[in-house]
Protein chains: 6
Amino acid sequence: LKILCINPNSSKEITDSIDEICKKYALKDTVVQTVCIAEAPESIENYEDAAISTHHLLKKFKKWEAGFDGFIMACHGDMAVDLLREYTEKPVIGIAEASMIFALLLGHKFSILSLKRKSATKKEDLVRKYAFENRCASIRATGLRVIGDYGDKKKSLYQAAVKAVEEDRAEVLVLGCAGMAGLDKELQKKIGVPVLDGIVCALMLVESLVRYDLKTSKIGKFFKIPK
Amino acid sequence: LKILCINPNSSKEITDSIDEICKKYALKDTVVQTVCIAEAPESIENYEDAAISTHHLLKKFKKWEAGFDGFIMACHGDMAVDLLREYTEKPVIGIAEASMIFALLLGHKFSILSLKRKSATKKEDLVRKYAFENRCASIRATGLRVIGDYGDKKKSLYQAAVKAVEEDRAEVLVLGCAGMAGLDKELQKKIGVPVLDGIVCALMLVESLVRYDLKTSKIGKFFKIPK
Amino acid sequence: LKILCINPNSSKEITDSIDEICKKYALKDTVVQTVCIAEAPESIENYEDAAISTHHLLKKFKKWEAGFDGFIMACHGDMAVDLLREYTEKPVIGIAEASMIFALLLGHKFSILSLKRKSATKKEDLVRKYAFENRCASIRATGLRVIGDYGDKKKSLYQAAVKAVEEDRAEVLVLGCAGMAGLDKELQKKIGVPVLDGIVCALMLVESLVRYDLKTSKIGKFFKIPK
Amino acid sequence: LKILCINPNSSKEITDSIDEICKKYALKDTVVQTVCIAEAPESIENYEDAAISTHHLLKKFKKWEAGFDGFIMACHGDMAVDLLREYTEKPVIGIAEASMIFALLLGHKFSILSLKRKSATKKEDLVRKYAFENRCASIRATGLRVIGDYGDKKKSLYQAAVKAVEEDRAEVLVLGCAGMAGLDKELQKKIGVPVLDGIVCALMLVESLVRYDLKTSKIGKFFKIPK
Amino acid sequence: LKILCINPNSSKEITDSIDEICKKYALKDTVVQTVCIAEAPESIENYEDAAISTHHLLKKFKKWEAGFDGFIMACHGDMAVDLLREYTEKPVIGIAEASMIFALLLGHKFSILSLKRKSATKKEDLVRKYAFENRCASIRATGLRVIGDYGDKKKSLYQAAVKAVEEDRAEVLVLGCAGMAGLDKELQKKIGVPVLDGIVCALMLVESLVRYDLKTSKIGKFFKIPK
Amino acid sequence: LKILCINPNSSKEITDSIDEICKKYALKDTVVQTVCIAEAPESIENYEDAAISTHHLLKKFKKWEAGFDGFIMACHGDMAVDLLREYTEKPVIGIAEASMIFALLLGHKFSILSLKRKSATKKEDLVRKYAFENRCASIRATGLRVIGDYGDKKKSLYQAAVKAVEEDRAEVLVLGCAGMAGLDKELQKKIGVPVLDGIVCALMLVESLVRYDLKTSKIGKFFKIPK
């Protein structure tokens, strides 16, 4: 069972942290390889960043596709997930969708802890795309950037988490950026409700789909019209 | 990793078939034990059936709870899942919720293949409870009963499946009754879109939640008010 | 016209207060009898409480059913209403649904004054079950328990009511617990918008259904599959 | 307890049939008076019909208001209900809202049997206004006009009813025009699910609101800004 | 290209301000004529105001209809728009719908700056009627009356605008009353997000529909049933 | 007033037809220039097609941006509209959003005539993205490809149009592909309800936004985070 975890930005720091988490949580029989898109910006925050990264991803993915059983898109904007699901029939899981899905199983409603206002707005689009709006208590902007000091991240996340839980009645929290990877268990301990890192969720979901021998449905949305 | 799979009816045939599937798909390190509620009706089709089964389940669960890491409710009405999530903080997964969640990952919209009209209507309630209505293409009644001849089941399922895929634009199909357990791969092969057996989905989700060391959120809906 | 009003908990105090209200508002030709479930907990706050009460209710209801023209479930969680609607074709009305329905007739949106956070979350489920979410301004937790001092109840209700009316733009208020029975008119006078006690609403709705000679539809959701 | 039932068209035939129903179902203590708007068209089918009727209604209502405890708007478009709720604090009930509310209490979803396509489309607006769309199985156009032969009405209603129940999974049916008044019980008997005449429903609801001493909320939507 | 802009109240001040805006923004080839309903109240704030204005409008419109290519209803309650769309097949645009539609094109979600609480509640109905609720961040009551001092209007609008943008995440603002006409650009400059005056939006939309030679669909909702 | 109309595919035939329509409907003072993306596929049908086209578009757009007042994205998938709205503050209009917006102004609900099943499914996503699902009667697949014989297009469009109008109660029709450009008026004449070509709608909307001096809101979703 071979999984490719794609970090669509070029940050070595984030790639390493993602890789560490994947290796920590993977099944014994799972081989996870984490790659980044070296030609992409250091973080995917703009639509333009995503377009640039997607362009390079597409070329690389054609080579990567054959060597793996499933794929993780390690960007909490689920960038290019539809594109990859169209390209391959092997399972492709974005960490945003995965984290929201785990949240559904643990409590009434979840909140997403996102970065700045722009990112919060884009999460609203994502929640609506997946049609989880009736299970989403709120999307809280922490004011953080993707890359930054871990100490600041922890304080801002905690403050947003408290508001989500107390004012918005969130029962589960979702870390809204791959740059927050690894902060789940510490925040969970402090705040007292489940906190989800999408990397772990996506890894376990893609392993599950492979174990159950499932492929993306090719009858409609992800059919690849031949040229 | 010890999982208890609870068949809330008293049918030995269904219990055996569930157990077989659990054992087939469980991780090497997972020990799954399947139990039924001997005092319950042979199938859970009425609200009354569910109330009777719940009464006996509650008493038994108090003994079972300590011995397992997570629980599967193997009834596609997700009977008593809220009750068990309140009782224990260990993960509890119903096969309806699990099957719909897997469906979200594989295509645009899913259809549920249910039994008769009553069961189809109750599925509508369930889809709405989980707030998946915008991802659900349709709920198709097959006319089947829970217990019955496998040959009939296959024909009726196939006919409903064709309509769901062609008329309702379903891209993924969900088997809407534990009594259909094991019919997934054969139907999938015939119909050409993913077909999901909730037993397998629930097993993999509960394993995942345990592996990620997650507990049900106890801050709100599943808090147990002390008496 | 004989109505049975079922208090599903074992509190004599609540049973008496419900009975008094029923007798006060019933039509001259209506005979109302109020019963409680002596084997149930003193309040229905947990899913477990409801399961225990349901078990005993089911046995008793089989005896009660023949003697009445309609039934009130006097629990603002509308516990077992679906079950009773399946069991009998005579009208069954829960006080939560009834109170929300009256609220629809009196203003733009209503708020529910509930107990603690857990109960507020369960009301969200109920509002969604009945599909009234677009008419519900908010569900306000008062911090109250079912049983408790009336003076405290009044103060907490008033504070939550002010917030619902001023911050959430509620135009009508619903008392979210049978334990608040009888507090409607006093709060209404203080707050200046209609305040609804579900006992009264359910009583008048069940009388109306009987007068109009209506039965629960048995074609789908409430059909009783024969065993 | 004095109720005024307003037929907003000028059809004597419809006024008589409404009056007969009101008298048949009213409480012994209720005095119902039925009036029509003689200056209005014989049926309210266009927006223009409603505007003309509303103009005359408004003038008359100012005289009628003091003499009654509550009001029924006997038009299944619920014409001018908001206007009257603003004008008076006494309860005002439209027969469309009333019939849909009774339907909620009797089954999973209801269908409305309406006249032609235009009327069906306007019902969609009404269902959406009251936010009942998630409980409405369908709106079936029967092809009927408001005024017409009873024999034709029965046949067309029956045909639409069968489709609503069998194809759309309706469990309750609502007669979508005051011109269908009195056809409820006969259709119910033939079709086997509850069939609702909004006149009866509105009568019982307005009696109930008066008995419970409730007034329309005047804090927002129905506040009358002084000129 | 001749457009009639109808101010449905009798305020000369508002009529003049509307006329000035129409003339400022109209195409060179567009002739706009602005009329008011002299028999109507000075402002349309109550349902009764709207009914009175509609009565007179209907009589006048029958004369006006032939002389113009399209119509603007210059009332942010979109009073009588459905009626006029039924009466004529020429395009009719209300300024509320128009302003919300322009808002959709400029940002994620919009807020409406309305008058008092009653008017805010009626805007909720309007947003729901057009089904824009998922794009509407909030409806903020400014506490203003239709007629009033411009200085007060500016201050109240600014305060409500800041809250809409900062607390509700509105990205675009809509002026919710024809009495606010002409305040768009000044507020936009101060607040830094697009601010829309529905008069301008409606003018450009009606010009566009005429240029594209489009008529209101007469097959359903706006069909005029012959009497 | 200078508008750039971008055809994101490389088909000269489609570019010419779009250009002809733009020139036919533009204001006298509007200069429209139509460009295509020569490096893109001949039609944008797959997610991959869109990614390739977007990559080239982004590079070209940086040069184009300064020379125009507004932009049309002439692809009925509204490819890259968010990206361009982020890149520039000048108005950018996609032909899908534009055509649906015009449809809102002309009737109760609209249907989209799309190509094959995949394209119909992607339209569902688009309708949901813009939150128009409550105004969309249906999305009908015609079975057409982007490029193809005009005679076939007319027949298939007509057949799908009849079903949309008669079975789905659509009152307005939207041509769901730039390859259908120019077929609006002929189909409208045959079918008797308004038929919209998104090119015309987008042109008029972008002209309007420029005339009203409006810019895309940059406070949230379309803010460009500096790198």
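Here is the naming used below: chain letters follow the sequence lines, and residue numbers restart at 1 for every chain. Here the structure is a predicted model, which means the values were calculated and not measured.
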Value for NZ (F/Lys221) from NZ (E/Lys109), rounded to nearest 0.5 Å, stands at 10.0 Å
Bottom line for F/Ala26: the part with an atom under 4.5 Å from chain E's heavy atoms is backbone
For E/Phe102 and F/Ser208 the tightest heavy-atom approach is CZ-CB, 3.8 Å
When F/Glu171, F/Glu166, F/His108 are each screened for side-chain contact (heavy atoms from CB on, under 4.5 Å) with E/Ile219, the one that passes is F/Glu171
Okay, F/Arg169 and chain E: the region with an atom under 4.5 Å from a heavy atom over there is neither
Turns out that what part of E/Lys24 lies under 4.5 Å from chain F's heavy atoms comes down to neither
- Would you say F/Lys60 has more than 12 foreign heavy atoms packed within less than 6.0 Å of its NZ? yes
Applying a strict 4.5 Å limit to non-hydrogen atoms, the region of F/Phe132 in contact with chain E is side chain
Max heavy-atom pairs within cutoff under 4.5 Å with chain E, candidates F/Gly107, F/Pro194, F/Cys201, goes to F/Pro194
Ranking E/Ala131, E/Gly192, E/Ser217, E/Ala98 by heavy-atom pairs under 4.5 Å to chain F gives rank one to E/Ser217
Looking only at E/Leu203, E/Val81, E/Leu209, the option with the highest number of non-hydrogen pairs under 4.5 Å against chain F is E/Leu209
Under 4.5 Å to a heavy atom of chain E? For F/Asp82 that would be neither
Bottom line for F/Asp213: the part with an atom under 4.5 Å from chain E's heavy atoms is both
Smallest heavy-atom separation, F/Asp29 atom then E/Lys28 atom, equals OD2-NZ, 3.1 Å
Scanning both residues in full, the closest heavy-atom pair of F/Tyr212 with E/Val195 reads OH-O, 3.9 Å
>> Would you say that F/Leu205 contacts E/Leu205 through its side chain, given a criterion of any heavy-atom pair below 4.5 Å between the two side chains?
In response: yes
The reported gap from CD in E/Glu97 to CG in F/Leu105 (rounded to nearest 0.5 angstrom) is 5.0 Å
Student check: side-chain heavy atoms of E/Leu27 and F/Arg211 closer than 4.5 Å:
yes
Honestly, the part of F/Ala170 sitting under 4.5 Å from a heavy atom of chain E is backbone
Whatever's closer than 4.5 Å to a heavy atom in chain E on F/Ile101 counts as both
Nearest heavy-atom contact between E/Leu214 and F/Lys185 is CD2-NZ, 4.0 Å
If one checks every heavy atom of E/Ile93 against chain F at 4.5 Å, the contacting part turns out to be side chain
More than 12 heavy atoms of other residues, nucleotides or ligands under 6.0 Å from NZ of F/Lys189: is that the case?
no
Sub-4.5 Å side-chain heavy-atom contact between E/Glu207 and F/Glu207:
no
Okay, F/Val165 and chain E: the region with an atom under 4.5 Å from a heavy atom over there is side chain
Exceeds 12 heavy-atom contacts within 6.0 angstrom, atom CD of F/Glu20: no
